[in-house]
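As the structure is a computational prediction, the values presented were derived from the model and not from experiment. For reference, positions follow the sequence shown, starting with 1.
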Amino acid sequence: MAKHDQEWKEEQERIDAVLDELDKKQNRLESSSGGLKQDIIGLRKTFWEDVTVNLEDDHEKVETFSSIKQQADMLSERERNHRHQYQQLQRIKKLKASPYFGRVDFTEKGESASEQIYIGLTSLMDEKDERFLIYDWRAPISSLYYQYSPGKARYEVPEETIEGEITLKRQFMIKKGTLKAMFNTDMTIGDEMLQEVLSDHSGSQMKSIVSTIQKEQNEIIRNEKSKYLIVQGAAGSGKTSAALQRAAYLLYRGRGVLDARQIVLFSPNILFNSYVSAVLPELGEENMEQATFQEYIVRRLGRKFHCESPYEQLEYCLTEQDNAALSVRLSAIAYKASSSFQSLIDRYVSSLSASGLLCKHISFRGETLIPKEQIEAYFYSLDHHLPIPNRAELTAEWLLAEISALEKKERRKEWVMQESELLDKEDYADVYQKLQKKEAFGEHTFDDHQREQRLLCAIIVSKAFKPIKQAVRQLGFLDIKRMYLQLFSDWGTFEKPDQWQLIGALSSKAFAEQTLPYEDAAPYLYLQDLIEGKRKNTQMKHIFIDEAQDYSPFQLTYIRSIFPAARMTILGDVNQSIYAHAMRGPSSLAGCIQGGEAERISLTRTYRSTRQIVEFTKALLADGADIEPFNRNGEIPSICRTDTAEAQQEKLADTIRELQQKGLGTIAVICKTADDAKRLYSAVSEKNSIRLISKENHTFQQGVCVIPVYLAKGIEFDAVIVYDASFRQYSSDHDRKLLYTACTRAMHHLTVLSLGEVTPFITEVPADLYV
């Protein structure tokens with residue numbers, strides 16, 4: 001028998017032995033789990049039968065509560081064990097389909113025999129729990145597989161580095177317990193396995209990549225020393241996948257001291273959250289917290305303003321090209337995104353320590369209780385050396401005392417007496433119950449009319465004053481809106497950007513309409529937090545920011561300030577800087593977070609698209625030469641010019657039919673803007689089974705969709721049809737990035753349609769890269 005055949009036979013025999021062990025463990029767990037389930041059902045049914053309830057005196061009450069707690073603890077423990085066993089069963093079922101994907105033979109320094117290390121999705125011990133049959137891909141020893149070729153190697157365990165030599169590195173493709181492919185390699189992951197994985201069709205959710213993690217991705221996943229890890233990755237380079245595996249790795253390494261609720265992923269949109277939601281559960285971990293920065297803004301300021309989203313901001317900038325106000329808006333966006341504006345706010349707040357703090361009148365029933373001038377005077381009567389937030393809190397305490405005194409006076413006013421007479425039966429009964437609880441009444445009813453009336457009035461006024469007191473406790477007397485707008489007045493001497501007064505007028509107009517422009521959101525929150533006291537979250541230990549080029553330098557700085565104890569993983573691609581703040585300024589990735597605490601990793605190899613698509617898309621960029629395609633062949637991209645909208649729509653329908661006949665499951669028709677997507681959907685939806693994706697969509701589904709380019713970010717599709725890549729649509733440097741972003745969503749097929757003259761970004765591409 002040939003050596004390869006013998007090795008194949010031995011590996012299949014080992015797979016069979018592992019499957020046999022998995023069967024045994026599954027049977028034991030199912031038996032145990034079934035018994036536990038019956039225990040839980042029984043405990044729930046008989047919960048109160050096994051509890052002695054006696055509330056006659058304090059001693060009996062204590063005994064009763066102790067009995068209830070004991071029974072509840074027993075039920076909770078059973079439920080915890082059942083949940084743990086269920087999770088173990090799920091892991092075993094996954095392992096039975098494909099127990100492992102890699103093997104490393106490692107001879108430790110000073111030892112003569114080598115250890116065979118098999119690596120899979122999760123660990124598996126032998127029947128006696130003495131020996132690892134499979135190592136979890138996140139285990140320290142598993143790093144040998146991802147980090148080294150055969151030869152000298154080492155891995156780190158707590159307080160020690162293990163050195164030795166890799167004598168064999170082997171990869172497997174195992175499906176339904178059968179060995180389908182096996183090859184030895186001197187690379188991290190052989191091209192054969194990557195070819196197999198990458199040739200699959202896209203699904204509605206991102207998949208785990210643990211079997212194909214590359215060396216450079218592994219450095220991201222296992223980095224534990226950097227406070228800030230900044231990853232610049234080309235489109236399709238696996239940066240998002242690596243980030244999700246990194247979260248799983250951190251949870252594995254921090255078992256017992258870190259849980260998923262202490263990790264936050266700031267994602268580009270809600271649709272993306274749906275797309276990546278399956279990765280961590282597939283790896284046996286709970287999903288981390290997921291949010292968009294816009295959700296955070298709305299949670300903080302949504303009661304005061306209509307908070308403009310980044311999509312609304314971008315739509316305005318893309319669709320108002322003929323509007324004279326656009327130039328001022330772009331200047332405002334660029335300046336308010338900068339660290340210069342942050343420094344200006346710092347200086348402004350520092351000046352408020354001496355003068356300029358603005359407050360609101362405290363009013364009740366149309367009358368001013370405490371005028372703003374009196375509040376401001378009290379604030380500045382306090383020790384100037386105290387920080388502004390401390391003085392604000394002391395002012396709030398003074399105000400509450402003043403309001404309490406005014407509240408007592410208010411009880412004697414005519415409106416209170418009238419309101420007490422207008423109470424309906426239900427309100428009166430409610431007041432009566434409250435009155436009965438007061439010791440002053442004892443066993444009495446409403447015999448004492450004057451006493452009754454005083455108490456009724458006190459309750460009515462207290463209820464009316466409650467929102468005022470609540471607002472004061474929350475420092476609502478500070479007029480943050482006016483102080484923010486005061487920034488744009490002549491409060492200090494500093495170098496002002498161009499169109500400064502016009503920029504301030506834009507904000508003032510928006511505030512008058514109760515609208516918060518997106519560019520004002522982070523600066524407004526930053527100013528508010530400096531004055532009121534920063535709202536820091538020290539519970540979060542890791543923050544992930546995906547598509548970080550979509551964040552302005554100011555926004556990234558602000559996020560750092562509200563999570564001071566967290567380590568941050570910041571991922572993005574400067575070539576996909578498509579949001580409005582990047583139209584007149586550099587990407588935030590270019591200079592975000594300097595200093596020794598930050599480590600930068602660059603990913604230039606791209607895996608998502610075929611070599612033909614990558615060669616085409618990198619040629620769209622002015623500086624795309626460093627992007628390296630993975631050698632997976634496919635169809636050359638096609639460009640089609642039509643002269644009428646009807647002809648373009650007909651070509652679109654033909655292309656969709658051809659792609660569906662090829663079995664491609666996710667097909668995206670990508671438009672430049674949401675308005676473009678809506679118009680196209682209205683024109684073609686009756687004749688085509690197609691779905692419109694908007695910012696309101698919460699789930700990503702298979703099929704054909706029409707989507708604006710900015711919502712497609714971070715998602716991949718089997719096929720992409722870029723709709724109307726004409727000179728009229730794509731002509732500026734910013735448009736170049738939009739077009740690049742759209743084209744790089746394609747895994748297997750790319751078609752570009754143009755109504756009229758094709759954009760020069762395509763005509764400048766070498767002619768042999770498309771048809």
For [X] and [Y], indicate whether the former's side chain and the latter's backbone hold a donor-acceptor pair under 3.5 Å.
| X | Y | result |
| --- | --- | --- |
| Ser350 | Asp346 | no |
| Arg560 | Leu556 | no |
| Lys541 | Val257 | yes |
| Arg138 | Leu250 | no |
| Ser343 | Ser339 | yes |
| Arg745 | Val709 | no |
| Tyr551 | Thr557 | no |
| Lys239 | Leu603 | no |
| Glu407 | Ile403 | no |
| Thr569 | Phe544 | no |

Answer yes when [X] and [Y] have at least one side-chain N-carboxylate O distance shorter than 4.0 Å, and no when they do not.
| X | Y | value |
| --- | --- | --- |
| Glu286 | Arg261 | no |
| Arg605 | Glu216 | no |
| Glu285 | Arg255 | yes |
| Arg365 | Glu410 | no |
| Asp550 | Lys713 | yes |

Please determine whether the number of non-hydrogen atoms from other residues, nucleotides or ligands lying under 6.0 Å from atom [atom1] of [X] exceeds 12.
| X | atom1 | result |
| --- | --- | --- |
| His385 | NE2 | no |
| Lys536 | NZ | no |
| Glu156 | CD | no |
| Glu373 | CD | yes |

Decide whether [X] and [Y] meet the rule of one side-chain donor and one side-chain acceptor closer than 3.5 Å.
| X | Y | result |
| --- | --- | --- |
| Asp546 | Thr240 | yes |
| Arg736 | Tyr740 | no |
| Asp735 | Ser732 | yes |
| Gln501 | Gln499 | no |

| request: Output every pair passing salt bridge (Lys or Arg N to Asp or Glu O under 4.0 Å) with a member in residues 510-524, not counting sequence neighbours, ordered by first then second residue. | output: Arg329-Glu519, Lys336-Asp520, Lys509-Glu513

| query | With sequence neighbours left out, which residue pairs that include part of residues 347-364 fulfil the salt bridge (Lys or Arg N to Asp or Glu O under 4.0 Å) condition? | reply | none

With a 6.0 Å cut-off on the ring centroids, do [X] and [Y] count as close?
| X | Y | value |
| --- | --- | --- |
| Tyr526 | Phe554 | yes |
| Tyr518 | Tyr579 | no |
| Phe511 | Tyr484 | yes |

I want to check something: taking the side chain as every heavy atom from C-beta on, are [X] and [Y] in contact at a cut-off of under 4.5 Å?
| X | Y | value |
| --- | --- | --- |
| Gln294 | Glu312 | no |
| Leu406 | Phe364 | no |
| Leu527 | Leu530 | no |
| Phe563 | Met568 | no |
| Leu229 | Glu219 | no |
| Leu357 | Ile531 | yes |
| Thr538 | Pro564 | yes |

| message | Could you report the tightest heavy-atom contact between Ile388 and Ser353, atom names first, then the distance? | response | CD1-N, 3.8 Å

| task | Mind listing the closest non-hydrogen atom pair of Ile468 and Leu369 along with its distance? | result | CD1-CD1, 4.4 Å

| Tyr710 six-ring face occupied by Lys695 cation (under 6.0 Å, within 45°) | no

| message | Against Tyr524, only a single residue in Phe341, Tyr558, Phe305 fulfils ring pair (Phe, Tyr, Trp, His ring centres under 6.0 Å); can you say which? | response | Phe305

| message | Quick check on side chain to side chain contact (heavy atoms under 4.5 Å, CB included): which of Leu571, Ile601, Thr604, Asp573 does Gln232 satisfy it with? | response | Asp573

| remark: Applying salt bridge (Lys or Arg N to Asp or Glu O under 4.0 Å) to Glu397 and not counting sequence neighbours gives none

